[in-house]
Amino acid sequence: LLNSSTNKKIYIYGPNAKNPPNLKYKDHLIVVLKPIEFNLTDFKEKLLFVNGAYYFNKMRNNDEYCSQLLGTFDHVIVSSLSKVDELFEKAKFPMSDNLSAPQALGRVIYNLIHRFGRFSCVIEGFDFYLDKDMYASYYPTLTRKKDKVDEQIICYGLADHDAIFNFLYVKELCEYLDIHDSADFKKLYTKSGNWYAEKLQEARNFKLLKNL
């Protein structure tokens, strides 16, 4: 797969983007991680990549909603090890173990490489959980309670998946991509693992895990 490539240009739009999807990239395949409220009609091709939690909480046994999603997106991929409706494509899973497992961006990039080979892309709205304000208001995360993201759930997920592993995993995958624009993302993924570990400790309140 890494020896192949595609002319397709991809726009990976993440949960912490500060602005609506940029129509500068409307000739790209736009990839989103939740059914966001923005109008994506102008984009050439649209792919929705949801995790298992969203699928089982919002989509399973909801035929009307699933039909709406299939009408909006050209492709819908569900990242779950469990059985999903045959209307949707199941994500490929990279190797992992009980100590670490790829989170959203790593799984998305892995699946896109598996699907297309190497590609050119823009990556926006991913900050490796370093922003104090997790998830933009438009993003329908299941971790939000009373309009506030549950910090304990975020920290548990980072510990469970191993945040340092995920940072280094994405960093490695990015070596196979032609990433253009994406200034904010480039400032982060090009840093060292030690730098990331220090910044993550500053940004997240891991003391909350003592109460679990």
Side-chain angles (χ1 to χ4, degrees), residues 1-52 54-55 59 69-80 84 87-95 101-131 135-136 138-141 166-191:
L1 293 172
L2 294 176
N3 292 324
S4 63
S5 62
T6 179
N7 291 326
K8 186 184 294 289
K9 294 178 288 188
I10 299 176
Y11 178 25
I12 307 175
Y13 183 83
N16 230 14
K18 306 305 180 189
N19 298 296
N22 193 336
L23 291 179
K24 174 182 177 181
Y25 309 116
K26 64 183 181 180
D27 62 335
H28 290 45
L29 161 64
I30 186 170
V31 180
V32 297
L33 277 64
K34 292 285 191 299
I36 54 180
E37 292 297 318
F38 297 119
N39 186 346
L40 304 178
T41 305
D42 289 332
F43 285 89
K44 180 179 179 181
E45 192 176 2
K46 297 168 283 292
L47 188 155
L48 173 64
F49 191 104
V50 297
N51 60 21
Y54 190 86
Y55 172 78
M59 295 167 60
L69 295 178
L70 289 167
T72 301
F73 294 93
D74 299 286
H75 317 277
V76 178
I77 299 177
V78 179
S79 181
S80 173
V84 303
L87 290 171
F88 306 115
E89 183 179 336
K90 279 191 69 170
K92 308 289 184 185
F93 273 82
M95 292 181 65
Q103 290 179 285
L105 182 57
R107 292 198 305 269
V108 167
I109 295 176
Y110 175 84
N111 273 267
L112 291 173
I113 290 175
H114 199 279
R115 198 181 188 98
F116 301 115
R118 296 175 185 241
F119 55 87
S120 171
C121 66
V122 174
I123 300 178
E124 179 184 0
F126 292 92
D127 53 32
F128 297 101
Y129 299 88
L130 294 181
D131 195 319
Y135 302 132
Y138 65 81
Y139 187 73
T141 174
N166 269 274
F167 176 78
L168 296 174
Y169 180 66
V170 169
K171 185 180 178 73
E172 175 69 19
L173 288 176
C174 286
E175 294 300 313
Y176 300 103
L177 307 179
D178 174 20
I179 302 175
H180 57 98
D181 296 349
S182 315
D184 291 340
F185 182 71
K186 286 181 178 179
K187 288 177 185 176
L188 298 179
Y189 94 84
T190 52
K191 299 289 189 181

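Residue indices begin at 1 and follow the sequence shown.
If you take CG on Leu105 and CD1 on Ile109, they are separated by 4.0 Å, rounding to the nearest 0.5 Å. In this structure, OH in Tyr169 is found 11.0 Å from SG in Cys174, a value given to the nearest 0.5 Å. Separating the CD atom in Gln103 from the CG atom in Asn51 is a distance of 10.5 Å, to the nearest 0.5 Å. Within the model, atoms NZ of Lys90 and OG of Ser79 stand 9.5 Å from one another, a figure rounded to the nearest 0.5 Å.
Under the rule for a side-chain contact (heavy atoms from CB on, under 4.5 Å), the partners of Lys8 that lie at least two apart in sequence or sit in another chain are Thr6, Ile10, Leu29, Glu45, Phe116. Residues passing the ring-ring contact (aromatic ring centres under 6.0 Å, His included) test with Phe167, sequence neighbours excluded: Phe128, Tyr196. Scored by the side chain to side chain donor-acceptor pair (under 3.5 Å) test, Lys9 finds Asp27 as partners (sequence neighbours excluded).
Residues Leu40 and Tyr13 fail the side-chain proximity criterion, which asks for heavy atoms closer than 4.5 Å. Side-chain contact between Phe119 and Leu177 is present, with at least one heavy-atom pair separated by less than 4.5 Å. Phe49 places none of its side-chain heavy atoms less than 4.5 Å from the side chain of Val32. Counting only heavy atoms from C-beta outward, the side chains of Val122 and Ile12 never approach each other to under 4.5 Å. Under the 4.5 Å side-chain criterion, counting only non-hydrogen atoms from C-beta, His75 is not in contact with Phe88. Side-chain contact check for Ser80 versus Tyr55: every heavy-atom pair is 4.5 Å or farther apart. For the pair Ile36/Pro21, a side-chain contact is recorded, criterion being any heavy-atom separation below 4.5 Å from C-beta on. Within the 4.5 Å cutoff, the side chain of Tyr110 has no heavy atoms near those of the Phe93 side chain.
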Take Phe38 and Phe43, measure what side-chain contact (heavy atoms from CB on, under 4.5 Å) needs, and give me the verdict at the end. CA-CA 11 Å; Phe38 297 119; Phe43 285 89; over 6 Å; no
List the steps and the verdict of side-chain contact (heavy atoms from CB on, under 4.5 Å) for Arg115 and Ile77. CA-CA 12 Å; Arg115 198 181 188 98; Ile77 299 177; 3.5 Å; yes
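Although no hydrogens or angles enter the test, the distance criterion places a donor-acceptor pair under 3.5 Å between the side chain of Ser182 and the main chain of Ile123. Between the side chain of Asn111 and the main chain of Lys92, a donor-acceptor pair closer than 3.5 Å is present. A donor-acceptor pair is defined here as one N or O able to donate and one able to accept, closer than 3.5 Å; such a pair exists between the side chain of Asp74 and the backbone of Lys46. Remark: side-chain polar atoms of Asn16 are not paired, donor with acceptor, to backbone N or O of Phe126 under 3.5 angstrom. Using modelled atom types, one side-chain atom of Lys186 and one backbone atom of Ile179 make a donor-acceptor pair closer than 3.5 Å. Formation of a donor-acceptor pair under 3.5 Å by the Lys171 side chain with backbone atoms of Asn166 is not found in this model. Put simply, the side chain of Asp42 never gets that close to the backbone of Lys26: no donor and acceptor are under 3.5 Å apart.
By the neighbour-count criterion of 12 heavy atoms within 6.0 Å, atom NZ of Lys18 is densely surrounded, having more than that number from other residues, nucleotides or ligands.
Glu124 and Asn19 make their closest contact through OE2-O, 4.2 Å (heavy atoms, listed as atom of the first residue, atom of the second, distance). Across every non-hydrogen atom of Arg118 and Glu175, the tightest pair is NH1-O, 4.5 Å. Between Ala104 and Leu33, the shortest heavy-atom contact is CB-CD2, 3.4 Å. The nearest pair of heavy atoms linking Asp127 to Leu188 is CA-CD1, 3.5 Å.
Side chains of Tyr25 and Asp181: a donor on one and an acceptor on the other come within 3.5 Å. Looking only at atom types and distance, the side chain of Lys34 has a donor-acceptor partner in the side chain of Tyr139 under 3.5 Å away.
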